[in-house]
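To start, the structure under review is shown below, and the notes come after it.
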Amino acid sequence: MYLRTRTALKSMKRHSLCNLGGTVRPAPQRWLNRMVFLCFREGKKMVDFSTEEGRKRYRHTSSHILAHAVKRLWPETKLAIGPAIEDGFYYDFDREGTFNKEDLDRIEETMRQIIKENLPIERIELSRDEARKKMESLGEIYKIELIDELPEGEKISFYRQGDFTDLCAGPHLESTGEVKAYKLTMVAGAYWRGSEKNMMLQRIYGTSFPDKGMLKEYLDRMEEAKKRDHNKIGRELKYFMTADCVGQGLPIMLPKGAKVLQILMRFIEDEETNRGYLYTRTPFLAKSDLYKISGHWYHYRDGMFLMGNTALIDESGETTDGSEVFALRPMTCPFQYHAYLNESRSYRDLPIRYAETSTLFRNESSGEMHGLIRVRQFTISEGHLICTPDQLEPEFKGALDLATYVMRCIGLDEDVSYRFSKWDINNKEKYVGTAAEWEAVQTTMRKILDDLGLDYREADGEAAFYGPKLDIQIKNVWGKEDTLITLQIDFQQAKLFGMEYTDRDGTKKFPYIIHRTSIGCYERTLALLLEKFAGALPLWMAPEQARILPISDKHIPAAKEICDEMRKQGFRVGTDERDEKIGKKIRQAQLEKTPYMLVVGDKEMEEKTVSVRSRYEGDLGSMTLDAIMVKISEEVKTKAIF
RNA sequence: GCCGAUGUGGCUCAGCGGUAGAGCAAUUCACUCGUAAUGAAUAGGUCGUGAGUUCGAUUCUCACCAUCGGCUCCA
């Protein structure tokens, strides 16, 4: 059972504001929630910026001011949508030519004007016909499309500020003058309604705050985030690298990165074994025949690396000359199903919990890759729980328990949210199975989640093609969410593969399958760890736990001896034998975030001690070698998170 | 794949239509050192790749590759 020790907790407090080798400890997103003065009122109801509603309203009005400014500068621009988002807002525009840096400056200047004019913002309601006519007269084709899709009977509202009117549900601030501090941050392409079949629009992102200080605080925090971005420090601290000629999304894990992954893998494999998982080791590639059974061939082929004469694959998915096509595995499921199929199964055999530390290959689109967060080859803690309907609930809960335990141990249990990912009823061809089956399994899953008292949100269209998921999402330094862990209920694949078990009454039945990860993707986890701890990984995961620093070259033999002894005891240590002064060796170890530095000089050789320096607390004085080894192993054993 | 930005020695960055500089790192030498950088010297780049414009391209144009931020997707 994992427990944070008293000392660990104390240290956490002590270090919470402490400088970690040049970077300040994280406080992701929390600053957003602090109380701020009331910045506007509407009727009797006070709304303030410390509430989500208040921020939304503030940013939404900001986006209207942005659109207003763009319309003033380029009247021919067509408006799409411009919502408030977390930390800011954006507006999508359709315009000939692109927005460059100078354009953004001009837009900001015009926004300043509009704010200075302090235009009152008023709500106007129009009938559908009037609304449509108004937008037609302005040539706002995107707005017309939006109006046509509004449900019958719904009031169609517009908001007007000066000579600018926009279709909008609101609500808004009372006048443009209330926006005090704002900044346009970037331009990006975005498809109309998010579909690549549609027109590519230009999206301008920005943010706004009720005072300049808060804006500056936000911008500073973004600068800070840049400093702890895993893609930067992971390369600087030599955890991984990429090489152009290897290819996009194919990082090379350097010794430090590889060591952390090994530590994590061993931890997971041991923990899962303790919890009754059975390990498999399955091929990295298979014939298309396998993926045809699983449905990947029809629902996921674009995401797979294919080998063979792929040019001959026709619309039905067959090669025109009947030749074989292989594919690198994008998931392990179909292989583990065959492990199940290897013998006939009875209800007495269930549940069967298969796990594999599984390297997968997915042909992500080229614009998608990002450091270690999104890559084309990665390794996950994959597993499939094959169970009877009765076992579905306890197995699901067990898998979730494992996941939350793991998150706590590695220190990634903050800024986490749960997403219940469901299918999209309007997009049935993306999924396997009937509507009735989907509704049934989603109802079951919702019941389990409610039963667990989980605070989750529902998301349509986020399910896997074979079933709904519980995604555990985590925010990275930029505040962007990524899936850390996923638990999926699959009610289709057992049928597709003919996986049966003989029930108590002698009849054959199809089991349920839970696809799950316990730590998710190892590479991604490493990235999140590097960001969360600004490269200073907790001792139990640190690739180098201590470095022995001889004062001068006559102390090198003693340092080596200490190093050998500690390695023998299972510690990850090294020595710095360079001909440099101790100050320089310490500086370097400190910059490389080495948890403990053990200084050896005349005094220590005489006293048979080492002088201990912690990366957080500095000089701790001298200790015997045994004492420091006990201290380190205690920290490792409790998996203390600093 | 699409939109935008970027690409100069191992790293961080200057610079410029006339074939390149700094700091750190590296190497060598001296110093034998006590808790975040000892000093000196040396070496290292066909300026992402390819094509075009030009008397001449690292600098201008185009294509490709890679990186970064978005969109779609997703662990």
Side-chain angles (χ1 to χ4, degrees), chain A residues 19 21-22 90 92 98-101 185-205 226 229 231-232 235-236 238 241-249 300 302-303 330-331 358 360 362-375 378-382 421 430 461-462 464 469 471-474 478 480 482-486 488 515-517 519-525 527 549-556 579-591 597-604 611-615 618-622:
Chain A
N19 191 306
Y90 68 79
D92 285 347
T98 57
F99 294 108
N100 58 29
K101 187 79 189 59
T185 48
M186 63 177 168
V187 185
Y191 297 106
W192 167 237
R193 325 212 84 179
S195 166
E196 60 194 336
K197 294 184 191 86
N198 290 336
M199 182 78 177
M200 171 68 75
L201 306 171
Q202 289 185 71
R203 175 172 298 179
I204 297 178
Y205 282 92
K226 215 184 278 177
D229 186 340
N231 211 358
K232 184 175 155 57
R235 290 171 197 271
E236 274 172 11
K238 301 191 185 129
M241 60 165 288
T242 50
D244 287 7
C245 59
V246 175
Q248 254 194 312
Y300 201 77
D302 287 347
M331 297 170 195
S358 182
L360 306 178
R362 296 187 188 173
N363 194 4
E364 301 287 348
S365 340
S366 62
E368 259 313 310
M369 256 63 77
H370 168 65
L372 294 178
I373 294 279
R374 171 127 314 121
V375 289
F378 54 96
T379 301
I380 67 168
S381 59
E382 185 147 21
S421 300
K430 263 178 77 179
E462 296 286 348
K469 307 191 284 182
D471 291 315
I472 306 180
Q473 308 282 114
I474 188 161
W478 301 101
K480 209 188 140 182
D482 277 300
T483 303
L484 180 63
I485 288 169
T486 178
Q488 314 173 353
H515 303 237
R516 47 98 272 174
T517 60
I519 197 173
C521 168
Y522 285 98
E523 289 82 353
R524 181 176 287 185
T525 300
L549 310 178
I551 296 278
S552 76
D553 57 7
K554 64 177 188 251
H555 308 111
I556 290 177
D579 181 16
E580 294 291 350
K581 289 192 167 170
I582 192 69
K584 179 146 187 180
K585 292 181 184 177
I586 284 172
R587 177 180 155 80
Q588 189 145 354
Q590 200 72 52
L591 289 174
M597 287 147 266
L598 310 180
V599 178
V600 183
D602 286 338
K603 199 181 96 192
E604 290 76 12
S611 191
V612 179
R613 185 189 161 97
S614 141
R615 68 181 161 193
D619 198 347
L620 298 180
S622 55

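Both backbone and side-chain heavy atoms feed into the values below; hydrogens, waters and symmetry mates do not. Not measured: the values here are computed from a predicted model. Each chain gets a letter, A, B and so on, in the order its sequence line appears, and its residues count up from 1.
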Practice task
Please indicate yes or no: is the ring centre of A:Tyr205 less than 5.5 Å from the centre of the six-membered base ring of B:rG70, with the two planes inclined by under 30 degrees?
Solution key: no
Practice task
Report the distance from atom CZ of A:Arg235 to atom CG of A:Leu372, rounding to the nearest 0.5 Å.
Solution key: 8.0 Å
Practice task
For A:Gly520 and for A:Ser365, locate the closest nucleotide of RNA chain B by heavy-atom distance; then report the residue assigned to the nucleotide nearer the 5' terminus.
Solution key: A:Ser365
Problem - Main-chain N/O of A:Val375 paired to A:Glu364 side chain as donor or acceptor, under 3.5 Å - result: no
Handout entry: Contact check, side chains of A:Asn363 and A:Asp302, non-hydrogen atoms, under 4.5 Å
Key = no
Problem - Value in whole Å for how far the C1' atom of B:rG10 lies from CD of A:Glu236 - result: 13 Å
Practice task
Identify whether any heavy atom of A:Gly371 sits under 4.0 Å from a base atom; if not, whether one sits that close to sugar-phosphate; answer base, sugar-phosphate or nothing.
Solution key: sugar-phosphate
Exercise for the section: Spell out protein contact along nucleotides 2-7 of chain B as letters: B when the base is contacted, S when just the sugar-phosphate is, - when no protein heavy atom is under 4.0 Å; keep the 5' to 3' order. Expected result: BBS---
Fill in the blank from the handout: Listed range with range, the stems formed with RNA chain B by at least 3 consecutive Watson-Crick or G-U pairs (under 3.5 Å) are B:1-7 with B:65-71, B:10-13 with B:21-24, B:26-30 with B:38-42, B:48-52 with B:60-64
Practice task
Say whether, by atom type as modelled, one donor and one acceptor occur between the side chain of A:Arg362 and the main chain of A:Pro330 under 3.5 angstrom.
Solution key: yes
Problem - Gap between atoms NZ and C1', on A:Lys585 and B:rA36 respectively (whole Å) - result: 14 Å
Exercise for the section: Answer yes or no: side-chain N or O of A:Glu364 and base N or O of B:rA75 forming a donor-acceptor pair under 3.5 Å. Expected result: yes
Problem - Length of the line joining A:Lys232:NZ and B:rU67:C1', which is rounded to integer Å - result: 14 Å
Practice task
Using modelled atom types only, decide if a donor and an acceptor are shared between the side chain of A:Ser381 and the backbone of A:Ile519 within a distance under 3.5 Å.
Solution key: yes
Practice task
Using side chain to side chain donor-acceptor pair (under 3.5 Å) as the criterion, list what pairs up with A:Ser552, not counting sequence neighbours.
Solution key: A:His555
Completion exercise
Residue set satisfying salt bridge (Lys or Arg N to Asp or Glu O under 4.0 Å) with A:Arg516, at least two apart, ordered chain then number -> A:Glu272
Practice task
Indicate for each nucleotide in nucleotides 29-34 of chain B, in 5' to 3' sequence, whether protein heavy atoms under 4.0 Å reach the base (B), only the sugar-phosphate (S), or nothing (-).
Solution key: --BBBB
Practice task
Nearest whole angstrom, please: distance from the P of B:rG70 to the CE of A:Met199.
Solution key: 22 Å
Exercise for the section: For nucleotides B:rU58 and B:rC47, find the distance between their C1' atoms and express it as a whole number of Å. Expected result: 4 Å
Practice task
Using a cut-off of strictly less than 4.0 Å, decide whether A:Gln248 has a side-chain nitrogen or oxygen near OP1 or OP2 of B:rC65.
Solution key: no
Practice task
Applying side chain to side chain contact (heavy atoms under 4.5 Å, CB included), name anything that partners A:Arg193, two or more places apart in sequence or on another chain.
Solution key: A:Glu145, A:Leu146, A:Glu149, A:Asn198
Handout entry: Expected output: side-chain A:Arg613 to main-chain A:Gln590 donor-acceptor under 3.5 Å
Key = no
Problem - A:Met331 CE to B:rC73 P, straight-line distance once rounded to whole Å - result: 15 Å
Exercise for the section: Name all residues meeting the side chain to side chain donor-acceptor pair (under 3.5 Å) criterion together with A:Thr486; count only those two or more places apart in sequence or in a different chain, and write none if there are none. Expected result: A:Asp471, A:Gln488
Handout entry: Pairwise 5' ranking along RNA chain B for A:Val612 and A:Glu462, keeping only the more 5' one
Key = A:Val612
Problem - Any residue meeting side chain to side chain donor-acceptor pair (under 3.5 Å) with A:Asp92, in chain and number order, not counting sequence neighbours - result: A:Arg203
Fill in the blank from the handout: Hits for side chain to side chain contact (heavy atoms under 4.5 Å, CB included) against A:Ala188, two or more places apart or cross-chain, chain-then-number order -> A:Tyr205
Practice task
For B:rC16 versus B:rG45, give the span between their C1' atoms, rounded off to a whole number of Å.
Solution key: 16 Å
Handout entry: Spacing of the C1' atoms in B:rU67 and B:rA37 (rounded, Å)
Key = 31 Å
Exercise for the section: Taking A:Gln588 for its side chain and A:Lys585 for its backbone only, find out whether a donor-acceptor pair lies under 3.5 Å. Expected result: no
Practice task
Provide the distance between the two P atoms, one in B:rC11 and one in B:rG18, to the nearest whole Å.
Solution key: 27 Å
Exercise for the section: Please measure how far the P atom in B:rG23 lies from the corresponding atom in B:rA41, and state the result in whole Å. Expected result: 11 Å
Handout entry: Nearest-angstrom distance, P atom, B:rU46 to B:rU8
Key = 13 Å
Practice task
Mind calculating the distance between CG (A:Leu549) and P (B:rA36) to the nearest angstrom?
Solution key: 12 Å
Practice task
Select base, sugar-phosphate, or nothing to describe what A:Met597 touches, counting heavy atoms under 4.0 Å on all strands.
Solution key: nothing
Exercise for the section: Taking atom C1' in both B:rU54 and B:rU59, compute the distance separating them and give it to the nearest angstrom. Expected result: 13 Å
Completion exercise
Rounded to whole Å, CE of A:Met241 lies from P of B:rG10 at a distance of 12 Å
Handout entry: Rounded C1' spacing from B:rC55 to B:rC60 in Å
Key = 16 Å
Handout entry: Any A:Lys469 side-chain N or O less than 4.0 Å from OP1/OP2 of B:rA75
Key = yes
Identify the pairs formed between an N or O of the protein and an N or O of nucleotides 22-25 of chain B at a distance under 3.5 Å, and give each distance.
unit_1 : atom_1 : unit_2   : atom_2 : d
B:rA25 : OP1    : A:Lys584 : NZ     : 2.9

Completion exercise
Sequence neighbours excluded, the answer for side chain to side chain contact (heavy atoms under 4.5 Å, CB included) partners of A:Lys603 is A:Glu607
Handout entry: Side chain proximity check, A:Thr483 to A:Arg524, heavy atoms < 4.5 angstrom
Key = yes
Fill in the blank from the handout: Checking B:rA75, B:rG69, B:rC71 against the side chain of A:Arg203 (C-beta onward), the nearest is B:rC71
Handout entry: Atom-to-atom span, CG of A:Asp482 to P of B:rC73 - whole angstrom
Key = 14 Å
Handout entry: Residues that A:Met200 engages under side chain to side chain contact (heavy atoms under 4.5 Å, CB included), provided they are two or more places apart
Key = A:Tyr191
